[in-house]
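Working notes for the structure below.
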Amino acid sequence: MRASFRLGRIAGVPVGVNWSVLVIFLLIAWGLAASQFPRAYPDRPTLAYVTAGLAAAVVFFLGLLAHEVAHAVVARRNGIEVVGITLWLFGGVSELKGEARDPGAELRIAGVGPLVSLVIGLFFGAIAVLLALAGAHGLVLGSLAWLAGINILLAIFNVLPAAPLDGGRLLRAAVWKATGDRTRASVVAARAGWVLGALLIGLGLWQFLVGAGVGGLWLALIGWFLIGAAGAEERQARTGSALRGVRVADVMTPQPQTASGDTTVADFVDNYLFAYRHSTLPLTDDGRPVGLVTLDRVRGIPADRRSSTTLAEVSCRADELVLAAPDEELNDLLPRLSQCADGRALVVTDQRLVGIVSPSDISRAVQRGSMREQLTPGRR
């Protein structure tokens, strides 16, 4: 999930927000201000309802951020690099570079998020109880009670034993500990996620048909997301198993053809496009990679502009390049390939280009790895 804009850093981790957060933020604020608060506390000014709804929505998302920051902090303490945190439509996601080294680390990283949400919920609940005992009532008390309930509900939902929820990670840690097989544990958690997603879709559609309206459709949408994410996690687990022990140097295309960023698109089409079988061309300056141009990028340039447009203008920029070392594990490289839309990695030694890794290189490696697993009984 890509961030639409960055908020800064928390505990040294970049924090971003996807535009889809605005959708759920407005739905929460509108639901509280236009429906829930007026029903519970009638005859208040409209401005009071709007202020309470917006404030509760903001604090709710701060709680989601605290949930993800907790994951990130514990992951770093367990030796996993954290690329960033992104808040989006369905909550938040911490992008980790690598996996837990053992079931214990997996348990700690996964468990801390729901624990933080639970603590936040109990904190707001305790304040609400104290205010109620003191005789307070009104929108402030209602906002605190809602924040308590939603955070406790979030903690409970997140510990359901199904990927990609935190509970799926806890299930994976348990199966991994019991069997010693990380891949099998990941598949079990992912399939549990598929089952939970299907149940939520069924329940949501049933609620919609009996008159629950948008709430039922929202539940079905969450179920649809869980099924998609669980399927992706199972594929990722099987791919990771097939590529275990494979280095970047084992799959890269060595010494790829390169060009200068000053080369025009017309020159590329006339002299490179049909002369070489690859659809990607790294751009170099004195042997150092400075860009990456693909056939898709070139295709978007009109014919009458090709002679005046350079490859540097249409390439994946230097700060977008995914660089790898020849001895790096291929599994460690895969999560970074999404950083550039072109999906390639340039392999460098002493800042000099020595190879390139493309999706087709990875696909062939996965096929060979899968065949190796089939021919090697008992291999983990």
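Counting begins at 1 with the first residue of the sequence.
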Is a donor from one side chain sitting under 3.5 angstrom from an acceptor on the other, for Gln236 and Thr239? no
Side chains of Ile222 and Phe157, heavy atoms from C-beta outward: is any pair under 4.5 Å? yes
Hey, quick one: are Val322 and Leu243 part of the same hydrophobic cluster, counting side-chain heavy atoms closer than 4.5 Å, chains of contacts allowed? yes
Atom pair OG1 (Thr183) and CZ (Arg238), whose distance is rounded to the nearest 0.5 Å: 8.5 Å
Counterpart residues, side chain to side chain donor-acceptor pair (under 3.5 Å), relative to Ser358 (two or more places apart): Ser360, Asp361
Which pair of heavy atoms, one from Arg44 and one from Gly138, lies closest together, and at what distance? NH2-CA, 3.6 Å
Salt bridge (Lys or Arg N to Asp or Glu O under 4.0 Å) filter on Arg77, not counting sequence neighbours, yields none
Does any non-hydrogen side-chain atom of Trp224 lie less than 4.5 Å from one of Leu221? yes
N/O donor-acceptor pair under 3.5 Å between Arg184 side chain and Thr179 backbone: no
Rounded distance (nearest 0.5 Å) linking atom CG of Leu54 with atom OG of Ser143: 10.5 Å
When you measure from the side chain of Asp250 to the backbone N and O of Val246, does any donor-acceptor pair fall under 3.5 Å? no
Using side-chain heavy atoms (C-beta onward) and a distance below 4.5 Å, is Pro326 in contact with Val248? no
Taking Arg306 for its side chain and Val298 for its backbone only, find out whether a donor-acceptor pair lies under 3.5 Å. no
To the nearest 0.5 angstrom, please state how far the CZ atom of Phe208 sits from the CG atom of Leu217. 4.5 Å
Shared hydrophobic cluster, Leu131 / Phe123 (ILVMFWY, side-chain heavy atoms < 4.5 Å): yes
Could you list the residues that satisfy side chain to side chain donor-acceptor pair (under 3.5 Å) with Arg169, not counting sequence neighbours? Glu233
Run the salt bridge (charged side-chain N to carboxylate O under 4.0 Å, His left out) test on Arg352 and Asp286 for me, step by step, so that the C-alpha distance in whole Å, both residues' side-chain angles and the decisive distance to 0.1 Å come before the verdict. CA-CA 8 Å; Arg352 300 274 179 172; Asp286 194 24; 3.8 Å; yes
Partners passing ring-ring contact (aromatic ring centres under 6.0 Å, His included) against Phe225 (at least two apart in sequence or in another chain): Trp88, Phe90
Counting distance only, does the side-chain N/O of Thr263 pair as donor-acceptor with the main-chain N or O of Ala259 below 3.5 Å? no
Would you check if the side chain of Arg297 reaches a backbone N or O of Val314 as a donor-acceptor pair within less than 3.5 Å? yes
Determine whether Val195 and Val175 fall in the same hydrophobic cluster, where Ile, Leu, Val, Met, Phe, Trp and Tyr are linked whenever their side-chain heavy atoms lie under 4.5 Å apart. no
Euclidean distance, Ile85 CD1 relative to Ile10 CD1, rounded to 0.5 Å: 7.0 Å
Who passes salt bridge (Lys or Arg N to Asp or Glu O under 4.0 Å) against Asp332, sequence neighbours left out? none
List in chain and number order the residues that pass salt bridge (Lys or Arg N to Asp or Glu O under 4.0 Å) with Asp327, two or more places apart in sequence or in another chain; answer none if no residue qualifies. Arg247
Please confirm whether the backbone N or O of Asp267 pairs with a side-chain atom of Thr264, one donor and one acceptor, at under 3.5 Å? yes
Is there a side-chain contact between Val13 and Val73, using heavy atoms and a 4.5 Å cut-off? no
For a quick test of reading the model, state the closest non-hydrogen atom pair linking Leu346 to Pro289 and the distance between them. CD1-CB, 3.6 Å
How about CH2 on Trp146, more than 12 heavy atoms from neighbouring residues, nucleotides or ligands closer than 6.0 Å, or not? yes
Thr349: partners by side chain to side chain donor-acceptor pair (under 3.5 Å), with sequence neighbours left out: none
Do Arg288 and Leu353 have side chains that approach each other closer than 4.5 Å (heavy atoms only, starting at C-beta)? no
For the atom pair CG (Asp262) and CG (Asp285), what is the distance rounded to the nearest 0.5 Å? 8.5 Å
Reported CZ-to-CD1 distance for the pair Phe61 and Ile24, which is rounded to 0.5 angstrom: 6.0 Å
Minimum side-chain heavy-atom gap Glu234-Ser186 below 4.5 Å: no
May I ask you to test the Glu328-Val347 pair for a side-chain heavy-atom distance under 4.5 Å? no
Would you say the side chains of Asn18 and Ser20 form a donor-acceptor pair under 3.5 Å? yes
For residues Arg39 and Ser35, is any side-chain donor paired with an opposing acceptor at under 3.5 Å? yes
I'd like to check the salt bridge (Lys or Arg N to Asp or Glu O under 4.0 Å) partners of Asp319; sequence neighbours left out, ordered by chain and number. Arg317
Tell me if a side-chain donor or acceptor on Glu313 pairs with a main-chain N or O of Thr310 at a distance below 3.5 Å. yes
Heavy atoms only: give me the nearest Leu141-Ala128 pair and the separation to one decimal. CD1-O, 3.2 Å
Hydrophobic cluster (4.5 angstrom, side-chain heavy atoms) - remaining members for Leu122: Leu118, Ile152, Ile156
For Leu130, the other hydrophobic cluster members (4.5 Å side-chain criterion, sorted by chain and number) are none
Are Arg76 and Glu81 close enough that some pair of their side-chain heavy atoms sits under 4.5 Å apart? no
Could you list the donor-acceptor pairs under 3.5 angstrom formed between side-chain atoms of residues 62-71 and any protein atom two or more places apart in sequence or on another chain?
residue : atom : partner : partner atom : Å
His67   : ND1  : Gly113  : O            : 3.1
His67   : ND1  : Ser117  : OG           : 2.8
His67   : NE2  : His71   : NE2          : 3.1
His67   : NE2  : Asp166  : OD2          : 2.9
Glu68   : OE1  : Ser94   : N            : 3.3
Glu68   : OE1  : Ser94   : OG           : 2.8
His71   : ND1  : Ile109  : O            : 2.6
His71   : NE2  : Asp166  : OD1          : 3.2
His71   : NE2  : Asp166  : OD2          : 3.1

Between Leu283 and Val293, which heavy-atom pair has the shortest distance, and what is it? CD2-CG1, 4.2 Å
Please determine whether residues Leu107 and Leu171 belong to a single hydrophobic cluster, defined as Ile, Leu, Val, Met, Phe, Trp and Tyr linked transitively by side-chain heavy-atom distances below 4.5 Å. no
Can you tell me if Asn331 uses its side chain to pair, donor with acceptor, with the backbone of Gly240 under 3.5 Å? yes
Check for me, please, whether Phe25 and Leu154 land in the same ILVMFWY cluster - side-chain distances under 4.5 Å, paths through other members count. yes
Quick one: closest heavy-atom pair of Pro161 and Ala192, and the distance? O-CB, 3.3 Å
Go through the steps for Arg182 and Glu99 under the test salt bridge (charged side-chain N to carboxylate O under 4.0 Å, His left out), then give the verdict. CA-CA 10 Å; Arg182 185 205 301 258; Glu99 293 187 330; 2.9 Å; yes
Ignoring hydrogens and angles, tell me if any N or O in the side chain of Tyr49 forms a donor-acceptor pair with the backbone of Leu139 under 3.5 Å. no
If you compare all heavy atoms of Leu226 against all heavy atoms of Gly197, which two are closest, and at what distance to 0.1 Å? CB-CA, 4.0 Å
What residues, two or more places apart in sequence or in another chain, satisfy side-chain contact (heavy atoms from CB on, under 4.5 Å) together with Ala40? none
